[in-house]
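In what follows, a structure is listed as structure tokens, so that the remarks can point back to it.
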Amino acid sequence: MEEHKSINFIEEIVEQDLKDGKYKSIITRFPPEPNGFLHIGHAKSICFNFGLAIKYNGKCNLRFDDTNPETEKTDYVNSIKTDIQWLGFNWDAEYYASDYFDQLYNFAIKLIEKDLAYVDDSTSEEIANLKGTPTSVGSDSPFRNRAIAENLELFKDMKAGKYPDGSKVLRAKIDMKHHNMLMRDPIIYRIKHAHHHRTENKWCIYPMYDFAHGQSDSIEQITHSICTLEFVPHRELYDWFIQQLDIFPSKQYEFARGNMSYAITSKRNLLKLVNEKVVSGWDDPRMPTISGLRRRGFTPQSIRLFWEKVGIQKRENLIDVGLLEFCVREELNKISLRRMAVLDPIKLVITNYPADKTENLSAENNPEDENGGHRSLAFGKELWIERDDFMENPSPKYFRLGVGLSVRLKHAYIITCTNFDKDENGNITAVYCTYNPDTKSGQDQTGIKVKGTIHWVDVKTANTAEVHLYDRLFTVENPGMEEGDILEYINNDSLKIIKNAMIEPSLSEARKEDYFQFVRMGYFCLDTESSADKIKFNRTVTLKDNWAKKK
RNA sequence: UGGCUUAUGGUGUAACUGGCAACACGUCUGAUUUUGGUUCAGAAGAGUCUAGGUUCGAAACCUAGUAAGCCAACCA
């Protein structure tokens, strides 16, 4: 029996449309409003829209939905383009809803001429009051039956700038008693004497979303206009405009947005985190923004894999952030350069090693990559090791150092702990050991087996670096659903700064585009603010740690 | 006194459109390992929101409920 590939409901529609010859090829689009930064949720839409075009050999446009001049900026346009490209996608055409303002205006005229739109002088409160509620019908505006000629005249005067903001609107004439509130004579044009990031001061009237989005789709001959579930009620209006205007019949399909645990994606709350200085900015590595994830060290591939695994569906969801972490570990395990860094150092002294001796050891860059090559590591009498790798009173399951216990120093020798120093506060200040010269890595013939291997950095050649350890930003799984202020659920330990981590010398030459695994500690990358005299690393994610779970 | 959408292990999705629930993450064993990582072998965990019905057979179809989300911005 032939293997049945599982496709989602939208792909089913696409395949059917293609099979029926409804379209020769498909065109999708990603339609961000340039009023903020893209986040992990947008990535789902990006992956899906661009992915569909790739899979079915169609096209995908980038279209900025810039119909509200008061909130939109060219800066956002640029950040959005950067993020999409970083994710690995290329758009076929770059468009702006504002490119269509003239056509949209003419569409509005056409509607007025068909007596399907009218100018309303009511205030926004009056309009809201007459609109009714979801459970009760609305009623007609006193301006609803203006003559076509008068509407035409007034609308032209609106465009000419004869009226102040908010004094008049153009509304579609549909049905004030419609069960769908969006069909109750929706506003399609409003007056805003505002500077637009692209059309500058050409216009003082701007179309609303519902009068711009579908028509823009139609102008671009978008075959499958894919959006999130909250637009389901808009579909009826979307179709109505296209039908009344008799233009290319783009079709809207909706899927559920993806929510991730311990994260928020509402623009309002994201902005709040930035404004309240809970985070350092939109690209703070704890932010679920694309720029934040990038700075944190997530790879584009891992984000694409994540959304591929999640799939497309129509039900509410809360995806475990652990899945994203799994995806990034999976890729980083294959591509990252292994390096050694000691985050919480204590000194280890090898008592039987000559004080003036230095050896250069060979260390593989990546055991998962045969062609990964090797680097040279200096080794000497005094080393930095992790404080956690020594215990004064080790438990039987502890496979690291304690008096009488042996471990291998990664890429070097097997050592046995002999004693240690402690200060008056009970803190360990130094650990002493002896090494076995016959156990050198790669040429060990002794057959001695040890339970643990620990990482280290040579004291004489080590450099220091600042390392940022990140944890989830929120203390609750679904912060967006909690009552009250989002700030009440901030995890105060989401950032731990280590000022003086000891790093092996080769890490001083790290480049911004490198991905590292600090052996046994996790995946790291250089921070965007890192400089030659102040090296800064970000921890992307820890390694899986069975020992931590057992403890 | 409404409309629309949805409901499958802890989480996210499948089930070739009616043939007895599969995959991934997570969890738990064990093996391997110079990373308590990786890899490998295996296990537990849902009987598909509820109640009826159609059918030889229902997660799927029908009916009635229940629950959740969305809809009353001159936002998108």
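Below, chains carry the letters A, B, ... as their sequence lines are ordered, and counting in each starts from 1.
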Partner of [N] by Watson-Crick or G-U wobble geometry, both contacts under 3.5 Å, or none?
| N | value |
| --- | --- |
| B/U32 | none |
| B/G18 | none |
| B/C61 | B/G53 |
| B/C74 | none |
| B/G37 | none |
| B/G10 | B/C25 |

Determine whether a donor-acceptor pair (one donor, one acceptor, N or O, separation below 3.5 Å) exists between the side chain of [X] and the base of [N].
| X | N | answer |
| --- | --- | --- |
| A/Glu254 | B/U5 | no |
| A/Glu477 | B/G10 | no |
| A/Arg338 | B/U35 | yes |
| A/Ser441 | B/U34 | yes |
| A/Arg400 | B/G36 | yes |
| A/Arg520 | B/U35 | no |

In B/U17, glycosidic geometry as syn within 90° of 0 or anti otherwise |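 It is syn.
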
chi for B/G47 classified (syn = within 90 degrees of 0, anti otherwise) as syn

Name of the residue among A/Lys177, A/Arg144, A/Lys131 meeting salt bridge (Lys or Arg N to Asp or Glu O under 4.0 Å) with A/Asp185 | A/Arg144

What does [X] touch in the nucleic acid at a heavy-atom separation under 4.0 angstrom: a base, only the sugar-phosphate, or nothing?
| X | result |
| --- | --- |
| A/His213 | nothing |
| A/Ser122 | base |
| A/Gly166 | base |
| A/Pro32 | nothing |
| A/Val169 | base |
| A/Lys334 | nothing |
| A/Gly258 | nothing |

Can you label the angle between the A/Tyr209 ring and the A/Phe231 ring as parallel, tilted or perpendicular, going by 30° and 60°?
-> tilted

Which nucleotide in [options] has an atom nearest any side-chain atom of [X]:
| X | options | value |
| --- | --- | --- |
| A/Lys550 | B/U5, B/G36, B/C71 | B/G36 |
| A/His179 | B/U5, B/U35, B/G3 | B/G3 |
| A/Arg190 | B/C71, B/G12, B/A76 | B/A76 |
| A/Asn333 | B/U38, B/C74, B/U35 | B/U38 |
| A/Glu33 | B/C75, B/U6, B/U34 | B/C75 |

Answer with yes or no whether the side chains of A/Ser336 and A/Arg338 bring together a donor and an acceptor at under 3.5 Å.
-> yes

Looking just at side-chain N and O atoms, do A/Arg408 and A/Thr439 make a donor-acceptor pair shorter than 3.5 Å?
-> no

Expressed in whole Å, how much space separates the [atom1] atoms belonging to [N] and [M]?
| N | M | atom1 | value |
| --- | --- | --- | --- |
| B/A58 | B/C16 | P | 16 Å |
| B/G42 | B/C23 | P | 12 Å |
| B/C75 | B/A64 | C1' | 40 Å |

Should the heavy atoms of other residues, nucleotides or ligands under 6.0 Å from NZ of A/Lys192 be counted, would the total exceed 12?
-> yes

Measure the distance from NE2 on A/His411 to P on B/U33 and round it to the nearest whole Å.
->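 Going from A/His411 (NE2) to B/U33 (P), I get 18 Å.
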
Take atom CE of A/Met183 and atom C1' of B/A72, then tell me their distance rounded to the nearest Å.
-> 16 Å

Contact under 4.0 Å: A/Ser136 side-chain N or O vs B/G2 OP1/OP2 = no

N or O in side chain of A/Lys544 less than 4.0 angstrom from B/C25 OP1/OP2 | no

Please answer whether B/G36 and A/Trp547 are stacked, defined here as ring centres separated by less than 5.5 Å and planes angled under 30°.
->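 Stacked: ring centres under 5.5 Å, planes under 30°.
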
Kindly determine whether A/Asn68 and A/Glu72 satisfy side chain to side chain donor-acceptor pair (under 3.5 Å), including the steps that lead there.
-> CA-CA 7 Å; A/Asn68 186 356; A/Glu72 294 152 2; 5.4 Å; no

Compute the ring centroids of A/Phe101 and A/His196, then answer whether they are less than 6.0 Å apart.
->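 That pair passes the under 6.0 Å test.
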
Answer yes or no: is there a side-chain heavy-atom contact under 4.5 Å between A/Trp456 and A/Leu348?
->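 Counting from C-beta outward, A/Trp456 and A/Leu348 never come under 4.5 Å.
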
